[in-house]
Enquirer: 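Pasting in a structure now, in structure tokens, and then I'll have a few things to ask.
Here is the naming used below: chain letters follow the sequence lines, and residue numbers restart at 1 for every chain.
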Number of protein chains: 2
Amino acid sequence: MAKTAIDEKQQQLARYAKALGHPIRVAIMNFLAEQDTCFFGEIHEILPIAKATASQHLKELKEAGLIQGEIVPPKVKYCINRDSWQEAKNLFSEFFGKCQCSKNGCCE
Amino acid sequence: MAKTAIDEKQQQLARYAKALGHPIRVAIMNFLAEQDTCFFGEIHEILPIAKATASQHLKELKEAGLIQGEIVPPKVKYCINRDSWQEAKNLFSEFFGKCQCSKNGCCE
DNA sequence: AAATCTGTTCGTAAAATTACGAACAACATT
DNA sequence: AATGTTGTTCGTAATTTTACGAACAGATTT
């Protein structure tokens, strides 16, 4: 009954996954990924939700580390956080590399 | 003010991400990925949570499509769902391929 | 048939998530 | 100084998530 502690990698992967676990936030990330400029207003413009809600979603993405905000008065510029993006990319890549289903008798 | 509808791909990515948005569920997927046999009992054994909670997490992973369960009386055998796993892998891969941060003036 | 093993479902409670309008703060313009 | 623009924060409400023990159901063993 050796209860495996959840390790830091799993925690971090879950944190990123949770941040991406809402369609609006995925849409935001997709939008940021293909933009050079990325002010709040432009982001809000493409989203079918209220300003306050958009701000809230951006806050969560920021807290997960996936994006960062910069104040450029009187606007706010958002962008993808390179380092975290890379880390998330690596974590997910490793994660999905773990199951070679074809050689796994369990998946059939 | 063209409100971009959230498309099906974003929805599906978010669905998978949400399912992976909890450390316990990441641990379950990791465990399943490296096992040939995968009965409920073995899964529960490695998790620091109650039986009922483990069952609940498995149910969510199943509803997201990431795993499937098979009754092998008197046990229940769980395994990764190959097709969904591959779909998720592809969706995340495409997603993380979207930002070439180095060429993006926004991320600096 | 009674007891056992296996895992799900039920009922419940606490906490977190999602969404909105209104109020607010910071800065620029008039 | 008054006004306008931009985006966050506040307060609130409805829903969902997470977790647990207890009760249950299916199958096997005694």
Enquirer: Could you state the CG-P distance from A:L61 to C:dT18, rounded to the nearest angstrom?
Expert: 11 Å
Enquirer: Is the closest side-chain donor-acceptor distance between A:Q86 and A:N90 under 3.5 Å?
Expert: yes
Enquirer: On DNA chain C, compare the nucleotides closest to A:R25 and B:F40; which residue's is nearer the 5' end?
Expert: B:F40
Enquirer: Just how far, in rounded Å, is P of D:dT17 from CD of A:E60?
Expert: 14 Å
Enquirer: Can you tell me if A:E70 and A:Y78 form a side-chain donor-acceptor pair at under 3.5 Å?
Expert: no
Enquirer: Within a radius of less than 6.0 Å around NZ of A:K98, do more than 12 heavy atoms belonging to other residues, nucleotides or ligands occur?
Expert: yes
Enquirer: Between atom NZ in A:K77 and atom C1' in C:dC27, what is the gap in whole Å?
Expert: 18 Å
Enquirer: So B:K75, base contact, sugar-phosphate only, or nothing? Heavy-atom distance under 4.0 Å.
Expert: sugar-phosphate
Enquirer: Using whole Å, what does the distance between atom P of nucleotide D:dT5 and atom CD of A:E45 come to?
Expert: 15 Å
Enquirer: Out of D:dT8, C:dG7, C:dT9, which nucleotide sits closest to the side chain of B:K59?
Expert: C:dT9
Enquirer: Distance check needed: D:dG7 C1' versus A:I71 CD1, whole Å only.
Expert: 9 Å
Enquirer: Is there a side-chain contact between B:T53 and the phosphate of D:dC20, meaning an N or O under 4.0 Å from OP1 or OP2?
Expert: yes
Enquirer: Can a side chain N or O of B:H57 be found less than 4.0 Å away from OP1 or OP2 on D:dT17?
Expert: no
Enquirer: Report for the helix from C:dA1-D:dT30 to C:dT30-D:dA1: angle between first-end and last-end helix axes, five pairs each, rounded to 10 degrees.
Expert: 0°
Enquirer: Think A:Y78 has a side-chain N or O under 4.0 angstrom from the OP1 or OP2 of D:dT8?
Expert: yes
Enquirer: Using a 4.0 Å heavy-atom cut-off, does A:Q56 contact any base of the nucleic acid, only the sugar-phosphate backbone, or nothing at all?
Expert: base
Enquirer: Please report, rounded to the nearest Å, how far the P atom of C:dT6 is from the CG atom of B:L58.
Expert: 16 Å
Enquirer: Quick one: is the NZ or CZ of A:K75 closer than 6.0 Å to the six-membered ring centre of A:F39, and within 45° of its axis?
Expert: yes
Enquirer: What is the nucleic acid contact for B:A52, judged by heavy atoms within less than 4.0 Å: base, sugar-phosphate only, or nothing?
Expert: base
Enquirer: Rounded to whole angstroms, how far apart are NE2 on B:H44 and P on D:dA19?
Expert: 12 Å
Enquirer: What nucleotide among C:dT8, D:dG7, D:dA27 has an atom nearest to a side-chain atom of B:P73?
Expert: D:dA27
Enquirer: Is any side-chain N or O of A:H22 closer than 4.0 Å to OP1 or OP2 of C:dA19?
Expert: yes
Enquirer: Report the nucleotide, chosen from C:dT8, C:dA19, C:dT17, that has the shortest atom-to-atom distance to any side-chain atom of A:K18.
Expert: C:dT17
Enquirer: Give the intermediate values and the outcome of ring pair (Phe, Tyr, Trp, His ring centres under 6.0 Å) for residues B:F95 and A:W85.
Expert: CA-CA 11 Å; B:F95 175 76; A:W85 178 268; 5.3 Å; yes
Enquirer: Could you state the interatomic distance from CG (A:N81) to NZ (A:K62), rounded to the nearest 0.5 Å?
Expert: 12.0 Å
Enquirer: The side chain of B:I49 is closest to which nucleotide in this list: D:dC20, D:dG26, D:dT6?
Expert: D:dC20
Enquirer: For B:E42 and for A:A50, locate the closest nucleotide of DNA chain C by heavy-atom distance; then report the residue assigned to the nucleotide nearer the 5' terminus.
Expert: B:E42
Enquirer: Are any side-chain N or O atoms of B:H57 and backbone N or O atoms of B:H22, one a donor and one an acceptor, separated by less than 3.5 Å?
Expert: no
Enquirer: I need the NZ-P distance between A:K51 and C:dA22, as an integer number of Å.
Expert: 11 Å
Enquirer: Salt-bridge test for A:E94 and A:K9: reply yes if a basic N is under 4.0 Å from a carboxylate O, no otherwise.
Expert: yes
